[in-house]
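Each remark here refers to the structure printed beneath this line.
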There are 2 protein chains.
Amino acid sequence: MLTDRQLLILKIIVDDFIRSGQPVGSRTLSKKEQITFSSATIRNEMADLEELGFIEKTHISSGRVPSQKGYRYYVDHLLPPFRLTQKDIQTIRSIFHEQIYELEKLIQKSAQILSDLTNYTTVVLGPSVKEHKLKTIQIVPLNAETAVAIIVTDTGYVEKHVVTLPPSIPTSDVEKMVNILNDRLTGVPLEDLTDKIQTEVTHVLREHIQSYDHMLRMISASLDLNAPAQMFLSGKMNMLRQPEFNDIDKLRALFNVIEQEKEFYRLLRKHKQQGVQVKIGTENDVEGMENCSLITATYSVGGEKLGTIAVLGPTRMEYSRVISLLNLVATDLSNVLTMWYQKD
Amino acid sequence: MLTDRQLLILKIIVDDFIRSGQPVGSRTLSKKEQITFSSATIRNEMADLEELGFIEKTHISSGRVPSQKGYRYYVDHLLPPFRLTQKDIQTIRSIFHEQIYELEKLIQKSAQILSDLTNYTTVVLGPSVKEHKLKTIQIVPLNAETAVAIIVTDTGYVEKHVVTLPPSIPTSDVEKMVNILNDRLTGVPLEDLTDKIQTEVTHVLREHIQSYDHMLRMISASLDLNAPAQMFLSGKMNMLRQPEFNDIDKLRALFNVIEQEKEFYRLLRKHKQQGVQVKIGTENDVEGMENCSLITATYSVGGEKLGTIAVLGPTRMEYSRVISLLNLVATDLSNVLTMWYQKD
DNA sequence: TGTTAGCACTCTAATAAAGCGAGTGCTAAA
DNA sequence: TTTAGCACTCGCTTTATTAGAGTGCTAACA
């Protein structure tokens, strides 16, 4: 559909605009060494490209700027191969050289490095804990009335919850209950806990424990894990440095979205299959993100998706570089996690 | 030193400027009902006030704006009594009506409500966990090589740390160790743990446990609590709405400080004694906070300071209202916490 | 037939000029 | 001591002007 010359021109326009942020004119283009024809020819080609919707003018006599469709085509067909510098690679690898054994910390660190390297914002969707299996439940009484209920999963995830104890319950009962719970529930995925308690634990408790109903309510409350997967954002303030958000109103609109987090949650969850995905401008279908692109990748253990890691930047984004960086982080992260969890 | 009339004028200028954000001229002032004299008189008085350094002009023929000294005097001597609305009071009280049993959540909620009510940014310095006493240590093995070490304090604070286990250590040894640690260390303030382990636990462990040195190192690592007290920020983005930060560069400078967090840590720790403290502009002695004021208050249990809660806003801040709100939150928070911890 | 030089034209952004209005300081009168 | 009056200052907005970058179109060229 597009001639080679048109592709060349489109590619250079996008590259140049991503680099400079300025609309690209025919004269500027004609000076590029890859270009062997005159500015007049370029003008003709640009008029065609504009008619086809790949580029647009900011005003009637301005240079051209990639349209959303133009970016899309660029990302799909024209992306120049990008060689990460050794320094970038080393910076990323350094995350995994440190002795970090906690999933959350590892994820946070990844997000931070990625946002530092790209100068954009990184969003990570942590793994849903629902599928993690219970390792142990502990109830630590603090005083006569309150206790901390602690849940540990096979992945090392720890959740705590301060609860009230029934008045004057014997300590032995608490211990008994903890034993029963651990006996029956170890290895059960967190999302099934409530059911399992209903079907298997209630009747046992009823036999052995005073005021078992209060205790049950309490334990159910602390197991109320309808909490969505954790999300980590890093480098929000990098957006302050993007010239497209020099306008305070655009900035406000953007941060409204960013602070919501809800939308990101939705967007990141959408990404199911492997590989890197690029969503440009309105493709994200979020108000306030018209001028942003979101590049997402999943990380996984042994092929099974754990979560999503994404970079948010202006549509005028260094796609090539960001995709490479994101890819590296995601695969490294997956590798490390796969190693971790294959030990079991 | 200042005549009553000068005080009146100063007060109205500050009030009006805080309200409107516009320099206040003699004509505007003369229309206020409290003012019984002419604009010419006001001009004379304003010239004096300016000479004394309480107000300044933004340019040679502009209205007057409070100087830092002016704000200082206003806060120290002219603060109008502020009656919180019933609605504000109820909103704040609602924090404490909910069944929250966790210190962190309570603090976060307080910060959030305070930033919502004021439209400024709230910073809270959580209690230092150093003085909390150990309730229990648990070590939950995850697989052959790793385990989660969990520390619970008497305040319900939980800290976890994933650690590596010595190769092929018997489970019984881990249990033994946990028993020994709990035996010897329960009730010890966290900050003394390392010492206590050195003096009291090492020799016992040596007798009973294989590869006790690895275990010791491991447990020490997970007790490495030189982590500073937690800090919570809420409502950072409220600053976007302050007209003084409409300028993108000022905004950047401000967020540089906010994101650092280090400076806040320093500032909030400085506040030792009871009561509300107001630091205006350069009084904070932090680059980038010249246009900001920080109002701090401490919260405490039974008179003993636990942490600090603060509101950050532009120097053109609703001092009266913020002080009242902050006061209410801090005292309510103190009351609730005192109730909690007097149960022991 | 595709390419290019040339040119008139358009529009932005930067700069200058002009007028308005809010506010000041000073003077002289009450 | 207070106030009315007035000349003056400056920021802000509006209007004009200009320079420059870029375009589309036409006609000539290979």
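Letters go in sequence order (proteins before strands), and every chain restarts at 1. Since this is a predicted model, take the numbers as computed values, not measurements.
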Under 4.0 angstrom between A:K57 side-chain N/O and D:dA21 OP1 or OP2: no

With nearest nucleotide decided by heavy atoms, which residue, A:A40 or A:P23, maps closer to the 5′ end of DNA chain D? A:P23

Base, sugar-phosphate or nothing for B:S39? Non-hydrogen atoms, less than 4.0 Å. nothing

Return no unless some side-chain N or O of A:S26 is found under 4.0 Å from OP1 or OP2 of D:dG22. no

Relative to B:F54, does B:K69 satisfy both conditions: NZ or CZ under 6.0 angstrom from the six-membered ring centre, and within 45 degrees of the ring's axis? yes

Want to settle it: does B:H59 or B:R43 sit nearer the 5' end of DNA chain D, counting the closest nucleotide to each? B:R43

Regarding B:T58, tell me which of base, sugar-phosphate or nothing describes its non-hydrogen contacts under 4.0 Å with the strands shown. nothing

Nucleotide nearest B:I60 (side chain, heavy atoms from C-beta), chosen from D:dC10, C:dG25, C:dT24: D:dC10

Here the distance between atom P of D:dG22 and atom CD1 of A:I55, to the nearest Å, is 14 Å

Side chain B:Q242, main chain B:N119, donor-acceptor under 3.5 Å: yes

Figure out the CD/C1' separation between B:E45 and C:dG25, and round it to whole Å. 15 Å

Touch class at under 4.0 angstrom, heavy-atom based, for B:S62 against every strand present: sugar-phosphate

Has B:R5 got a side-chain N or O lying under 4.0 Å from the OP1 or OP2 atom of D:dT2? yes

What's the separation between atom CD in B:Q68 and atom CD in B:E290, rounded to the nearest 0.5 Å? 9.5 Å

Nucleotide C:dT3, atom P - distance to CD1 of A:I42 in whole Å: 12 Å

Rounded to whole Å, CE of A:M46 lies from P of C:dT4 at a distance of 14 Å

Check whether any side-chain nitrogen or oxygen of A:R64 sits under 4.0 Å from OP1 or OP2 of D:dT23, and answer yes or no. yes

I'd like to know if B:R27 reaches the base of C:dG23 with its side chain, counting only an N/O donor and acceptor under 3.5 Å. no

Between CD of A:Q22 and P of D:dA21 the distance, given in whole Å, is 12 Å

Could you tell me the separation between the CZ atom of B:R64 and the CZ atom of B:F17, rounded to the nearest 0.5 Å? 13.5 Å

Length of the line joining B:N44:CG and C:dT27:P, which is rounded to integer Å: 12 Å

Can you tell me if B:S61 touches the phosphate of D:dT9, counting only side-chain N or O atoms and a distance under 4.0 Å to OP1 or OP2? no

What is the separation between atom CD on B:E56 and atom P on C:dT24, rounded to the nearest whole Å? 14 Å

Quick one: do A:R321 and A:D88 make a salt bridge, cutoff under 4.0 Å? yes

